[in-house]
Amino acid sequence: MALHFELVTPEKLVRSEDVHMVVVPGSEGDFGVLQGHAPLMSTVRDGNIEIYKNSMSESPETIRVEGGFAEVNERGLTVLAERAE
Amino acid sequence: MASLKALKIRIGSVKSTQKITKAMKMVAAAKLRRAQEAAEAGRPYAQRLESVVASLASKVTVSESSPKLLAGTGKDQVHLLVVATSDKGLAGAFNTNIARLARKHARDLTAAGKTVKIYTIGRKGRAVLNREFRANMIHGIEPGDLGKLNFADARAYADDIIARFEAGEFDVATLFYSNFKSVLTQEPTAQQIVPVAPPVAGATGEVTSSGAAVTYEPDEESILADLLPSNVAIQLYRAMRENAASEQGSKMTAMDNATRNAGDLINRLTIQYNRTRQAAITTELVEIISGAEAL
């Protein structure tokens, strides 16, 4: 029950790990991605990515991203961000 | 023949030059490692973006309304050459090779009746191209230390280039940089960045391999319009990363050669110095002996 999540910036691969759920600030609204999500491509607005490591109940880790693109496919979620910190 | 003193000074000066080139070589080696790591760290992003743009571009039919960055202006008259070099010299043929390739392209295009405009990133390339194409230079950027450039800088350059494209200043843009193959080989490369080169069929691969319908948010064209400028920026960024690694590689080789040449020169001068000293001693002895015999 894990989602493979990758956060990539032009400078480096920021994250590559298995997590429970990630909430992505899509340009048409936030969306949460769990394992087995349908294939999706979306642009990302400036905002915070929330990473729920093990369960929904814990408080999420947030990473600020600016500009970019998210893709969900059978291998997991990849966020291409121009900046992340 | 040079005097003993002059030779000694000469040897001293060559020795200190050798020390400098040796230090520069070691600095270049350290920087090279970092530049190489940086170039590798940037690869996943570039690859992902490339495959995404390729798969999107294959889904969107090119028409009048398509983004200009994808479809082009429909003309092929005004060419922009974006020449990325470094600001500093002492890196062997690094800057010269890039400038030479750009110059060749500029000459060919001019001969074919096209208009050429040159946009330089890096002082060295500008200096070389200024001699022949002074009238064609439209803008020059001095990026400073290539190793310290980040994506925001590349983005700013790309935005400037895209703005010029949208203002109709040129139809096709080609980027010149040096591709880092290994420490010993850096290959000057020309790459078309605007309009986006048509994606190669099959390069999309993994994205569509699942066969599942992909949801797009917003629609394909809007995503594409959003991604294309990023794509230009990332190409530029990658080129500058490659340049940074190439520059250090080239500098390392050049400084290694210089150190070795200095060593050879020191050996030759030392032999000459010893011979001269020996000759002076012999002359002195001959004088004393013949003086003694005369008594």
Side-chain angles (χ1 to χ4, degrees), chain A residues 3-19 21-50 63-85, chain B residues 37-53 55-56 59 147-156 158-159 204-241:
Chain A
L3 167 77
H4 188 66
F5 167 62
E6 282 190 0
L7 176 60
V8 196
T9 69
E11 266 129 35
K12 61 173 196 266
L13 185 66
V14 182
R15 283 294 160 86
S16 176
E17 59 190 4
D18 287 333
V19 297
M21 180 176 89
V22 180
V23 177
V24 183
S27 52
E28 298 196 335
D30 291 8
F31 57 91
V33 182
L34 284 157
Q35 192 211 14
H37 195 287
L40 168 79
M41 282 196 194
S42 171
T43 45
V44 173
R45 66 180 151 78
D46 298 357
N48 292 323
I49 285 186
E50 293 177 359
I63 302 178
R64 177 156 178 83
V65 293
E66 277 171 36
F69 181 79
E71 184 194 2
V72 183
N73 58 23
E74 69 275 18
R75 282 176 298 125
L77 166 70
T78 309
V79 178
L80 302 175
E82 280 182 15
R83 276 161 61 90
E85 65 222 34
Chain B
E37 275 167 15
E40 270 158 31
R43 258 174 222 160
Y45 188 93
Q47 280 165 357
R48 304 294 299 158
L49 191 65
E50 213 167 295
S51 74
V52 166
V53 168
S55 78
L56 281 172
K59 290 200 177 76
K148 292 204 176 83
L149 283 175
N150 56 35
F151 184 65
D153 298 319
R155 183 89 221 206
D159 285 346
T204 59
E206 41 196 333
V207 181
T208 49
S209 63
S210 63
V214 180
T215 318
Y216 292 94
E217 236 178 76
D219 58 294
E220 287 101 317
E221 284 200 27
S222 318
I223 296 185
L224 197 57
D226 197 58
L227 284 186
L228 285 173
S230 299
N231 195 40
V232 175
I234 197 79
Q235 300 291 1
L236 207 57
Y237 184 62
R238 181 161 68 173
M240 288 194 292
R241 279 273 162 95

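Here the structure is a predicted model, which means the values were calculated and not measured. Hydrogens, waters and symmetry mates play no part in the numbers below; they use all other heavy atoms, side chains included.
Within the 4.5 angstrom heavy-atom criterion, only side-chain atoms of B/Ile234, from C-beta onward, approach chain A. Heavy atoms closer than 4.5 Å to chain B are found in the side chain of A/Ser27, but not in its backbone. No part of A/Ala70 comes within reach of chain B, as not one of its non-hydrogen atoms sits under 4.5 angstrom from that chain. Residue contact with chain A, scored on non-hydrogen atoms closer than 4.5 Å, is absent for B/Arg238.
A/Glu28 is linked by a side chain to side chain contact (heavy atoms under 4.5 Å, CB included) to B/Glu217, B/Pro218, counting only residues two or more places apart in sequence or in another chain.
The nearest pair of heavy atoms linking B/Tyr45 to A/Leu80 is CE1-CB, 3.6 Å. For A/Pro10 against B/Tyr237, the heavy-atom pair with the smallest separation is O-CE2, 3.5 Å.
In this structure, the side chain of A/Glu11 engages the main chain of B/Phe151 through a donor-acceptor pair within 3.5 Å.
The stretch residues 33-49 of chain A participates, sequence neighbours left out, in these salt bridge (Lys or Arg N to Asp or Glu O under 4.0 Å) pairs: A/Asp30-A/Arg45.
Atoms NE2 and OG1, from A/His37 and B/Thr215 in turn, are 7.5 Å apart once rounded to the nearest 0.5 Å.
Under a 4.0 Å N-O distance rule, the pair B/Arg48/A/Glu6 does not qualify as a salt bridge.
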